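Below you'll find the structure, written out as structure tokens, and then a few comments.
We count ligands from 1, going down the list as the structure has it; atoms in each ligand are counted the same way. In this chain, residues are counted from 1 in sequence order. The structure presented is a predicted model; accordingly, all values stated were derived computationally and were not measured.
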Amino acid sequence: MARLVLKFGGTSVANIDRIRNAARHVKRELDAGHEVAVIVSAMAGVTNSLVDYCRQASNDYDSREYDAVVASGEQVTSGLMAIVLQDMGYKARSWQGWQIPLNTNDVHGAARIQAIDGARLIEAMSGGEVAVVAGFQGIAPGWRIATLGRGGSDTSAVAVAAAIKADRCDIYTDVDGVYTTDPRIVPKARRLEKVAFEEMLEMASLGAKVLQVRSVELAMQYKVRTFVRSSFDDPDKVGVDARGNPPGTLICDEDEIVEAEVVTGIAFSKDEAQISLRRVADKPGVAAAVFGSLAAENINVDMIIQITSPDGSTTDITFTVPAIDHDRAIKVLEQTRGEIGHFGIESSTDVVKVSVIGMGMRSHAGVAAEAFRALASKGINIRAITTSEIKISVLIDAAYTELAVRTLHSAYGLDKH
Ligand code: ADP
Ligand code: ASP
Ligand code: MG
């Protein structure tokens, strides 16, 4: 007997038929004698509608009430999943964040989990009952409902798996694993058998929304055996292999991967904005003033390039900020204009950051040069670049997103044959 966590994302519980299909995956595990906790997302599209209601209600809504509204999507699916399982003859009970309790901090809308008491869930499961947990939500100080940021049910699943010491956490979604890039953009993308935690972390934070970044951090920290797999597989036809692994992609330690490629995947993110400060006086303290003023407003700056004019008197500074912070950043920069003395501010949200990720980059030279060559061959202009040990990111015009992702995917030999 094993203890399993099964998480179903929005498309996997989009209607009652899909919930029934998801419940058949639960049934298979129960019939095999396992204890099961199920984590559910809201039905596809529901969270977006709830967010939209908040925006219609006010331009400046209270984040505690936003959480009260958006957490309700998961409450509905947890109840429906419990009803469907009961209807199939199994014992099942829904659990909201406060009932577990799953405690978070008070950063409403993007709360971090602080503690989960697994005792009640374990007690229910050992009594033969399926614990159906509403993902995405917890309880913040002051007995307020909190949510974990978009895509947060992945994090609920991994965190609950760690708290109840589950043997496995299966993230069921609408693709059958983690691919070399988003299979919706590149049909030639390949499914990966295994992905190292560090690579998955980079892929998720650079735009591959198949897993929420925080869920990967937790899986890495607590060594949760996490698989990404499809809920659309026939529940009666999928079993585990000789090593006990289900179909899908395992997120694991680097040393579990025998044949590592230089490049593992390509990710892209449209959530970026580019800001350029033109003809800024080239003197000490300018960068400190610019980036200090943004930091003071909690605006994260990512890529930065600085180009000094031929006579050395002025410089152009280009950088990126999250697209949602674009307007705030411009306001902050305008306020500090006097102090910095810069001449012009230009900005664009019509940009995309495309990233090449792979642990093999640590020991291989020329990986970045290959990306620049490939993009140049398609006439794609690079606006900014950043690199780290295991990734290279370039900022380009959003219109070239698909072309750039496909070009890089082929250039690194990732296409399926
Ligand atoms: P869920 O609702 O189940 O949480 P998501 O929409 O959050 O599902 O995540 C699954 C989606 O992630 C897929 O449909 C796919 O388009 C997208 N995706 C982006 N990058 C990748 C990748 N590298 N591998 C697999 N899926 C990816
Ligand atoms: N329902 C939430 C969202 O759409 C959480 C999740 O699905 O993971 O962001
Ligand atoms: Mg998701």
Under 4.0 Å from a heavy atom of [X]: which atoms of ligand 2 are those, numbered in the order shown and with their elements?
X: E74; answer: 1 (N), 2 (C), 5 (C)
X: R150; answer: 3 (C), 4 (O), 9 (O)
X: S41; answer: 6 (C), 7 (O), 8 (O)

- Message: Does any N or O of ligand 2 fall below 3.5 Å from an N or O anywhere on G149, backbone included?
- Response: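 No, G149 has no N/O under 3.5 Å of an N/O on ligand 2.
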- Message: Is it the case that ligand 2 has an N or O less than 3.5 angstrom from some N or O of S153?
- Response: yes
- Task: Do me a favour and list the nearest non-hydrogen protein atom to atom 7 (O) of ligand 1 with residue, atom name and distance?
- Result: K209 O, 3.5 Å
- Task: Identify the protein heavy atom lying closest to atom 2 (O) of ligand 1, giving its residue, its atom name and the separation to 0.1 Å.
- Result: G10 N, 3.1 Å
Distance alone, cut at 3.5 Å: any donor-acceptor contact between the side chains of [X] and [Y]?
X: Q96; Y: S78; result: yes
X: H108; Y: T147; result: no
X: R150; Y: N48; result: yes
X: Q306; Y: T315; result: yes
X: D176; Y: Y179; result: yes

Any sub-3.5 Å donor-acceptor pair from [X]'s side-chain atoms to [Y]'s backbone N or O?
X: R191; Y: G177; answer: no
X: H34; Y: A2; answer: yes
X: T320; Y: Q274; answer: no

- Query: Under 4.0 Å from atom 20 (N) of ligand 1, is there any protein heavy atom?
  - Reply: yes
Interfacing atoms of ligand 1 (cut-off 4.0 Å, heavy-atom, [X]):
X: R184; result: 13 (C), 14 (O), 15 (C), 16 (O)
X: M203; result: 23 (N)
X: A208; result: 20 (N)
X: Y179; result: 22 (C), 23 (N), 24 (N), 25 (C)

Side chain, backbone, both or neither: [X] near ligand 1, heavy atoms under 4.0 Å:
X: V175; result: side chain
X: K7; result: side chain
X: A267; result: neither

- Query: Evaluating non-hydrogen atoms only, which member of L211, V210, D174, T181 is closest to atom 27 (C) of ligand 1?
  - Reply: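 It is V210 whose heavy atom sits nearest to atom 27 (C) of ligand 1.
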- Message: Could you work out, for atom 17 (C) of ligand 1, the closest of D182, D154, T173, T11 by heavy-atom distance?
- Response: D182
- Item | T264: which of K194, E198, E202, E199 passes side chain to side chain donor-acceptor pair (under 3.5 Å) | E199
- Item | Stepwise side-chain hydrogen bond (donor to acceptor under 3.5 Å, both in side chains) check, R406 with H409 | CA-CA 5 Å; R406 287 184 182 159; H409 198 265; over 6 Å; no
- Message: For G151, state whether at least one heavy atom is located under 4.0 Å from any atom of ligand 1.
- Response: no
- Looking only at heavy atoms of G177, does any of them come nearer than 4.0 Å to an atom of ligand 1? yes
- For G152, is the nearest heavy atom under 4.0 Å from an atom of ligand 2?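 Per 4.0 Å heavy-atom rule, G152 contacts ligand 2.
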- So, does G151 sit close enough to ligand 2 that a heavy atom of it is under 4.0 Å from the ligand? yes
- Task: Could you tell me how the ring of Y172 sits relative to the ring of F8: parallel (under 30°), tilted (30 to 60°) or perpendicular (over 60°)?
- Result: parallel
- Answer with side chain, backbone, both or neither: which part of Q212 has a heavy atom less than 4.0 angstrom from an atom of ligand 2?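 Neither; nothing of Q212 gets under 4.0 Å from ligand 2.
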- Item | Step-by-step side-chain hydrogen bond (donor to acceptor under 3.5 Å, both in side chains) determination, Q212 to T155 | CA-CA 7 Å; Q212 200 197 34; T155 300; 2.3 Å; yes
- Checking side-chain contact (heavy atoms from CB on, under 4.5 Å) against K7, which of S153, S12, S231 comes through?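 So the option named by the test is S153.
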